[in-house]
Amino acid sequence: HPAAIGLEVLDRLAHHDIAGARQLLDWLRDDEPLKGGDDPLAGLPFPRLWTKGQNPDPVVMRLAAAAILAQSKVTAPRAIPILLAALKTARRNSMKTDIRLALVLSYNNLEEYPQELGVAEALARQYPESKSVFSAETLCLDTEGKSKQADQLAEDRLKRLPNDVDAMRALMENAAIREDYAQAQMIGRKMIAEGVGQLQDLNGTAWQSLFTGKVTDSDLRDILKAVQLNSNNFPILHTLACLLAEIGKVRQAHVVLLH
């Protein structure tokens, strides 16, 4: 387990076994490559802080170990003091970014959402288009009962990135959290009409109809289209069965569930 490796690295460093600690970090790094893609902040923080074969600086190695500990709820409390101390002394912006990503992961695993939000907001100021940071901010706000603030966050993102699927999806989910299912469904239908909606959005939009009090032909078309795209997806088949049962087609719903 990665967390056990992180603890062992700290222990070896405490006993001045630099070579042994480096060996463990290099070994884990083989299993945790850097994540590519459009989001510069996507992926785990550990591979950002440690490159296989790099100079064995005990300070950096301790920080890399903390990034490993951040991955587990059990060991995240051990990681946070190390990360906070390192953030105060870090000089390079890239290092500060990597430390903050590890803090976001730690606070998230501990469900300490106010602390996570503060760090995520600092990252968002530096990387306003990052999907992963936007998702972290949205989760924190929604969990803290601040879905209206989450809406504003999504609206601001849409101003920068028109028709951004993540922002539109967040607006849909925020509305559902407030139990405004008609609004959630309207946003979902807009996503589908504008061609940015994906499989999960077809499913989510149809699902909202179960809470609006009326399943329409449009809702059935949405979920049937989703089934055509992926006929082996249980959440989609479950939604189809629920919609069929809602309109009185119980036998057909039963057949879908058996499938």
Side-chain angles (χ1 to χ4, degrees), residues 1-35 39-128 130-141 143-144 146:
H1 193 280
I5 295 173
L7 291 172
E8 181 63 21
V9 169
L10 290 180
D11 185 64
R12 292 190 182 189
L13 289 173
H15 289 85
H16 307 291
D17 182 6
I18 306 301
R22 179 183 182 180
Q23 185 179 33
L24 287 173
L25 291 171
D26 284 348
W27 179 69
L28 183 59
R29 185 64 170 77
D30 283 336
D31 290 338
E32 294 188 4
L34 276 170
K35 188 170 183 178
D39 186 349
L41 302 185
L44 292 170
F46 166 64
R48 301 171 66 94
L49 287 160
W50 185 257
T51 302
K52 187 176 181 179
Q54 75 181 64
N55 291 330
D57 180 344
V59 175
V60 176
M61 297 170 81
R62 180 175 167 83
L63 193 53
I68 299 169
L69 299 178
Q71 298 176 30
S72 167
K73 183 174 185 176
V74 175
T75 53
R78 181 85 179 269
I80 290 173
I82 298 172
L83 295 168
L84 289 174
L87 186 60
K88 292 180 181 179
T89 59
R91 294 182 179 181
R92 291 183 291 112
N93 286 334
S94 60
M95 179 63 76
K96 292 179 181 179
T97 296
D98 296 343
I99 294 169
R100 287 187 174 114
L101 287 170
L103 281 167
V104 164
L105 181 58
S106 297
Y107 288 134
N108 182 269
N109 280 326
L110 294 171
E111 300 179 8
E112 295 180 3
Y113 298 112
Q115 293 90 332
E116 180 186 356
L117 180 61
V119 181
E121 287 174 341
L123 288 168
R125 287 191 289 272
Q126 190 175 2
Y127 294 91
S130 169
K131 172 184 173 180
S132 54
V133 171
F134 170 73
S135 297
E137 287 184 284
T138 300
L139 171 66
C140 293
L141 290 169
T143 305
E144 292 296 300
K146 299 177 180 178

Side-chain heavy-atom pair Asn108, Tyr113 within 4.5 angstrom cut-off = yes
Closest non-hydrogen atom pair, Asp17 against Gly20 = OD1-N, 2.9 Å
Inspect the contact between Arg125 and Glu121 and indicate whether a charged nitrogen and a carboxylate oxygen are less than 4.0 angstrom apart.
-> no
Nearest heavy-atom approach of Arg22 to Gly53 is NH2-O, 2.9 Å
List in chain and number order the residues that pass salt bridge (charged side-chain N to carboxylate O under 4.0 Å, His left out) with Asp30, two or more places apart in sequence or in another chain; answer none if no residue qualifies.
-> Lys52
State, with a plain yes or no, whether a side-chain heavy atom of Thr51 is found less than 4.5 Å away from one of Leu34.
-> no
Output yes when Arg48 and Asp98 qualify as a salt bridge under the 4.0 Å nitrogen-oxygen rule, no when they do not.
-> yes
Between Asp26 and Gln54, is any pair of side-chain heavy atoms under 4.5 Å apart?
-> no
Side-chain donor-acceptor pairs of residues 60-74 under 3.5 Å, sequence neighbours excluded:
{"residue": "Gln71", "atom": "NE2", "partner": "Glu32", "partner atom": "OE1", "Å": "3.3"}
{"residue": "Ser72", "atom": "OG", "partner": "Val74", "partner atom": "N", "Å": "3.2"}

Here the pair of heavy atoms bringing Tyr107 nearest to Ile80 is CE2-CD1, 3.6 Å
Minimum heavy-atom distance Ile18-Pro58, with the two atoms named | CD1-CG, 3.8 Å
Under 4.5 Å between any side-chain heavy atoms of Val133 and Tyr127, yes or no?
-> no
